[in-house]
Every structure is written in structure tokens, then in C-alpha cells.
Amino acid sequence: MSILSYILVVFVALEALFIMLLEMFGAQTKFAQKAFNLSREYLAQKETKVAMANQGLYNGFIGIGILVVLLMFPSNAVFSGVLLFVGFVVIAAIYGSITANPKIIVSQGLPAILALIALFFS
């Protein structure tokens, strides 16, 4: 794995962990309102809080999964493991951009797509 692909993959992991923190613990902030393009009233609803926390948990699983693959898997399994998790991010970004907010493909999908391209050329 090249240095560039490693950096991009770590960025994808850290972004997933940041999104986890925002969705689980910061959904009521002005930053979250802006980032998710949702009203304060909507984000204050109990059902929304539960759904956001659940989404955040899954983002955390992706971020931790990527880091575990990079740091703990044997070297011959790193490429496949990273490809799997980064691929999940790309799929989630495509789905999210279609169903929730088109800017997800850029904010979350673009780093993952660049990481995949770098992985294939490394």
C-alpha cells in the first residue's frame, strides 16, 4: 500500500469517527444542523436522536474497522480488509446522496473514492 493510499484510508477512518461523534453526541449543535441540513426542531425529536445515534454507531464501526485492519491485520490481509470497509463507505455515500442529501457524495464519498483509486494503483 502506498503512502498516499494509506493517508487517504486513514482520513476515511477518521472522518467516519468524526461523523460518529457528531451523530451520537453532537446532533443538537449548530454545526450538525448545518452539516446535515436539518432543523433544530427535527434534531430535537426523540426519534431523530435515536436514529442519529444509531447511524453514528455504524459510522464508528466503519472507522474502527478500517483502523483495526490497518494496525492489526497481517500484511497480506490489509488490502482486502481496507477495500471492504472503504467500499462500504462508497456504497453508503452513494445511497445517502440519493436518499438524504446529494452533498454526501462529495463530503463522505469523494475521500473514499480517492482512497479506492489510490489503493488500486498502489
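Side-chain heavy-atom separations under 4.5 angstrom define the hydrophobic clusters, and Y95 shares its cluster with no other residue. Grouped by direct or indirect side-chain proximity (heavy atoms under 4.5 Å, Ile/Leu/Val/Met/Phe/Trp/Tyr only), Y58 sits with M20, L21, M24, F25, L57, F61.
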### Query
Stepwise, does the side chain to side chain contact (heavy atoms under 4.5 Å, CB included) test hold for L8 with V12?
CA-CA 6 Å; L8 289 169; V12 170; 5.6 Å; no
### side chain to side chain contact (heavy atoms under 4.5 Å, CB included) evaluation trace for L110 with I105
CA-CA 6 Å; L110 185 60; I105 196 67; over 6 Å; no
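Sorted by first and then second residue, the ring pair (Phe, Tyr, Trp, His ring centres under 6.0 Å) pairs with a member in residues 100-122 form an empty list; sequence neighbours excluded.
Crowding of L71 atom CG: a count of heavy atoms from other residues, nucleotides or ligands under 6.0 Å exceeding 12.
Separation of atoms OG (S122) and OH (Y6) is listed at 13.0 Å; rounding is to 0.5 Å.
With hydrogens and angles ignored, the 3.5 Å screen pairs a side-chain donor or acceptor of S5 with a backbone N or O of S2. At distances below 3.5 Å, at least one donor-acceptor pair connects side-chain atoms of S107 with backbone N or O atoms of K103.
Between V90 and A112 the shortest heavy-atom distance is CG2-CB, 3.6 Å. Of all heavy-atom pairs between L17 and G60, the closest is CD2-O, 3.9 Å. A pairwise comparison of heavy atoms in V78 and F73 identifies CG2-O, 3.9 Å as the closest pair. In this structure, V86 and A115 approach most closely via the heavy-atom pair CG1-CB, 4.2 Å. Of all heavy-atom pairs between T48 and L43, the closest is CG2-CA, 3.8 Å.
Two residues are said to be in side-chain contact when any heavy atoms from C-beta on lie closer than 4.5 Å; L119 and M1 meet this criterion. Counting heavy atoms from C-beta on, the side chains of I19 and Q55 never come closer than 4.5 Å. Side-chain contact check for Y42 versus Q33: every heavy-atom pair is 4.5 Å or farther apart. L22 is listed as a side-chain neighbour of F36, based on a closest heavy-atom distance under 4.5 Å.
Evaluation of the side chain to side chain donor-acceptor pair (under 3.5 Å) rule for S97 yields no partner, not counting sequence neighbours. Legend: residues meeting side chain to side chain contact (heavy atoms under 4.5 Å, CB included) with A51, ordered by chain and number and at least two apart, are absent. By the side chain to side chain contact (heavy atoms under 4.5 Å, CB included) test, A92 is found to be paired with no residue, residues two or more places apart in sequence or in another chain being considered.
Checked by atom type, the side-chain pair N101/Q108 shows no donor-acceptor distance below 3.5 Å.
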